[in-house]
Amino acid sequence: MRSLVLPKMSTMSMSISMFFQSDMLSALCRGRGSSTFPRATAPFRLRAFSTAIADKPSVCTADELHYVSLSNSDWKLALWRYNPAPLAPPRNHPLLLLSGVGTNAIGYDLSPESSFARYMSGQGFETWILEVRGAGLSLQGSNSKDIKQSAHAISEQMETASESATNGAVDSNKEFNNTSYVVSESEISAANGVEIDNIAINGDLTRLATVWDESKLVARLTETLMFLSERVSGFLSESQSKVMFTKFLDQISKLLVGSPLYEQFNEVRGKLSNLFETKQNSGITNQIIDLSQKLVNIIEEGQLSVSPPLFDLQARFTSTIEDFQKQLDLLVKYDWDFDHYLEEDVPAAIEYILKQSMPNDGKLLAIGHSMGGILLYSMLSRFGVEGNESKLAAVVTLASSLDYTSSKSTLKLLLPLADPAQALNVPVVPLGAMLAAAYPLSSRPPYVFSWLNTLISAEDMMHPDLLKRLVLNNFCTIPAKLVLQLTTAFRERGLCNRNGTFFYKDHLHKSNTPILAIAGDQDLICPPEAVEETVKLIPEHLVTYKVFGEPGGPHYAHYDLVGGRMAVEQLYPCIIEFLSCHDK
């Protein structure tokens with residue numbers, strides 16, 4: 001990790017304040033625009049604090065690390081700040097960088113020699129990278145001490161995961177917190193529907209006391225059923241929740257097939273299904289408790305049966321409930337989607353940056369890679385339909401589209417997750433853990449997963465050490481809820497909001513913000529034809545479209561647009577020229 005000689009920050013920097021604190025440059029600027037944002041479901045009362053340089057986690061290579069709080073969430077969003085180079089030309093607007101799905105700030109700052117963020121700050125732009133909830137150093141906490149400790153813990157976990165993968169042994173038994181890069185073995189098992197071995201019971205029935213506590217099981221079963229009847233805290237639609245409910249009862253039903261108890265179970269199942277169709281009221285809770293007790297009694301009766309297949313029935317029933325509850329817990333733990341980023345995370349970050357930088361026109365410049373660009377397109381669509389002036393002076397999108405239906409994007413592999421039943425089987429996608437586990441097989445003989453590298457970078461476009469850092473440190477766990485919404489970009493009319501009532505591409509033409517849209521010639525994730533599908537919706541006088549890559553090379557894959565070897569010579573100057581033109 002490189003060392004940086006940086007100016008010291010104020011001693012107030014570790015305090016959490018109701019007010020925004022601005023840096024020394026802010027005093028030189030005046031004025032704010034009156035433009036507005038798409039509002040989230042609740043108004044924001046932003047709070048922020050900055051870590052002192054001496055306490056900044058080692059994984060953060062920015063000049064400063066800031067945190068932004070949301071009033072309607074306990075998430076603290078990390079903002080990496082890069083100060084403008086002293087001898088660079090002065091700029092009028094700060095620059096915000098948004099990353100792709102399941103990635104953090106590291107992709108924009110791989111090394112001193114290959115840093116998109118450092119290049120931009122070297123050109124005079126005060127550069128900020130936002131890590132949305134669940135990514136990188138963003139975390140959940142209530143005070144500065146807890147946040148400081150958590151940030152350092154996350155940093156250490158990321159470095160440990162990288163070292164373990166380098167040695168060819170990713171520790172999958174270590175459970176990190178909700179922003180980690182490695183999920184626990186139990187989470188991965190639950191996510192993939194892997195059945196955990198049941199407790200083996202041999203000898204006399206007295207040992208059943210260790211695994212069978214009737215009152216606790218009734219409470220556990222009731223909790224699970226109530227959880228489903230409340231639509232899993234709004235995670236899934238009513239039809240999707242029914243699928244989950246049916247699958248859960250099917251799992252229990254399999255334990256009783258061929259037993260005289262099967263008919264009794266079906267009778268209770270029918271009553272539970274009727275309750276599930278009924279809207280919540282105070283009386284339903286008691287009914288579910290009673291029916292849960294009946295289910296437990298049925299299982300207990302089966303346990304006393306002389307039939308060998310039912311001998312360990314109670315243990316298997318307990319295991320079924322616990323496995324299913326783990327899946328539900330994951331759904332709640334990773335409870336956010338694309339609209340949370342769009343309506344809460346990004347607006348909060350923009351407001352904070354504008355408070356810090358205070359540009360005269362109250363606007364900033366923004367660059368988004370992959371999902372980051374999709375977020376910017378969606379914001380412009382919202383601005384347009386609401387008739388509000390954008391707080392974005394100009395936008396650059398890298399490998400982004402609102403509609404992938406006409407392309408051969410490899411992301412179509414995610415389409416099976418759009419099936420409601422898959423939300424139960426795969427409540428989260430532990431992308432970081434999977435890539436870290438696959439890395440040794442993609443970079444060493446016999447190169448079983450070498451094809452993964454081509455999804456990330458074209459041949460000879462990224463130094464092996466940088467590719468390794470990108471794979472091992474840049475990715476995190478993705479909620480199924482987020483994936484489910486993003487899969488709408490592969491359907492007719494393209495990406496839509498969580499309710500399916502607003503299609504972002506339908507209103508993009510109403511925006512008046514200049515856009516530079518860039519594609520890579522060998523991008524298998526967001527091919528040029530996908531980028532062009534969105535570009536053609538934007539008024540011609542507002543959009544500039546460029547595809548990077550030549551027939552004889554160099555070629556640009558998905559991440560080469562940010563950190564490719566030739567990007568600093570070919571792509572970065574193009575972006576600077578565009579931003580400079582709209583930084584007046």
Side-chain angles (χ1 to χ4, degrees), residues 1-2 59-62 80 82 95-123 125 127-131 135-136 158 162 165-166 181 366-373 396-400 431-432 435-436 439 442-443 450 452-476 516-526 528 531 546-550 553-576 578-579:
M1 205 65 66
R2 70 181 184 276
V59 77
C60 178
T61 50
W80 296 32
Y82 299 78
L95 173 63
L96 171 63
L97 307 182
L98 299 177
S99 305
V101 61
T103 61
N104 56 39
I106 290 175
Y108 280 119
D109 192 8
L110 287 173
S111 75
E113 298 76 29
S114 180
S115 174
F116 188 99
R118 284 287 170 199
Y119 184 94
M120 295 300 157
S121 65
Q123 294 294 316
F125 291 103
T127 304
W128 301 75
I129 309 175
L130 170 64
E131 292 185 317
M158 292 169 64
S162 178
T166 300
Y181 289 76
I367 299 176
H369 175 249
S370 195
M371 187 190 71
V396 178
T397 63
L398 307 171
S400 304
L431 182 61
L435 288 178
Y439 175 75
S442 67
S443 58
S450 59
L452 286 173
N453 294 343
T454 60
L455 294 179
I456 297 172
S457 179
E459 187 176 0
D460 296 329
M461 273 296 280
M462 194 174 290
H463 190 281
D465 288 343
L466 296 182
L467 181 61
K468 171 180 154 186
R469 176 166 166 76
L470 184 71
V471 171
L472 298 183
N473 290 113
N474 189 52
F475 297 94
C476 52
L516 170 61
I518 294 177
D521 67 325
Q522 289 192 357
D523 190 338
L524 302 178
I525 294 176
C526 185
V531 178
K546 291 186 178 293
V547 179
F548 279 84
E550 301 294 337
H555 299 289
Y556 285 79
H558 197 62
Y559 281 91
D560 295 326
L561 298 175
V562 175
R565 175 175 54 86
M566 297 300 296
V568 69
E569 299 177 16
Q570 299 178 345
L571 191 148
Y572 294 1
C574 174
I575 294 176
I576 293 298
F578 174 81
L579 294 180

Is the ring pair Phe116/Tyr572 parallel, tilted or perpendicular, if the boundaries are 30 and 60 degrees? perpendicular
When rounded to the nearest 0.5 angstrom, what distance separates CG in Leu466 from OG in Ser114? 5.0 Å
Got a sec: does the CD of Glu459 have more than 12 other heavy atoms crowding it under 6.0 Å? no
For residues Met566 and Leu571, determine if any side-chain heavy atom of one lies less than 4.5 Å from a side-chain heavy atom of the other. no
Quick check: does any side chain N or O of Thr127 sit under 3.5 Å from a backbone N or O of Leu95, one acting as donor and the other as acceptor? no
How far apart are the closest heavy atoms of His555 and Asp521, and which atoms are they? ND1-OD2, 2.6 Å
Can you list everything that forms a side-chain hydrogen bond (donor to acceptor under 3.5 Å, both in side chains) with His558? Sequence neighbours excluded, please. Ser370, Asp523
Just by distance, do the side chain of Ser115 and the backbone of Pro112 share a donor-acceptor pair under 3.5 Å? no
Any donor-acceptor pair under 3.5 Å linking the side chain of Glu131 with the backbone of Asn104? no
Taking ring pair (Phe, Tyr, Trp, His ring centres under 6.0 Å) as the definition, give me every residue that meets it alongside Phe578, ordered by chain and number, with sequence neighbours left out. His582
For the side chain of Asp560 and the backbone of Ala458, is there at least one donor-acceptor N/O pair under 3.5 Å apart? yes
Minimal non-hydrogen separation, Gly520 against Val547, with atom names: C-CG1, 4.4 Å
Phe548 versus Cys574, closest heavy-atom pair with distance: CZ-CB, 3.9 Å
Can you name the closest pair of heavy atoms from Ala399 and Leu561 and give their distance? CB-CD1, 3.7 Å
Shortest non-hydrogen contact between Met462 and Gly564, atoms and distance: CE-N, 4.4 Å
Could you tell me the separation between the CD1 atom of Ile518 and the OG atom of Ser400, rounded to the nearest 0.5 Å? 10.0 Å
Please report the interatomic distance OH(Tyr108) to CE(Met120), rounded to the nearest 0.5 Å. 9.5 Å
How close do Ile525 and Leu455 get, counting heavy atoms only, and between which atoms? CD1-O, 3.7 Å
4.5 Å side-chain heavy-atom contact, Ser111 and His463: no
Measuring from Leu98:CG to Thr397:OG1, what's the distance to the nearest 0.5 Å? 11.5 Å
Separation between CE of Met461 and OH of Tyr559, rounded to the nearest 0.5 Å: 15.0 Å
Please report the interatomic distance CG(Asn474) to CG(Asp109), rounded to the nearest 0.5 Å. 11.0 Å
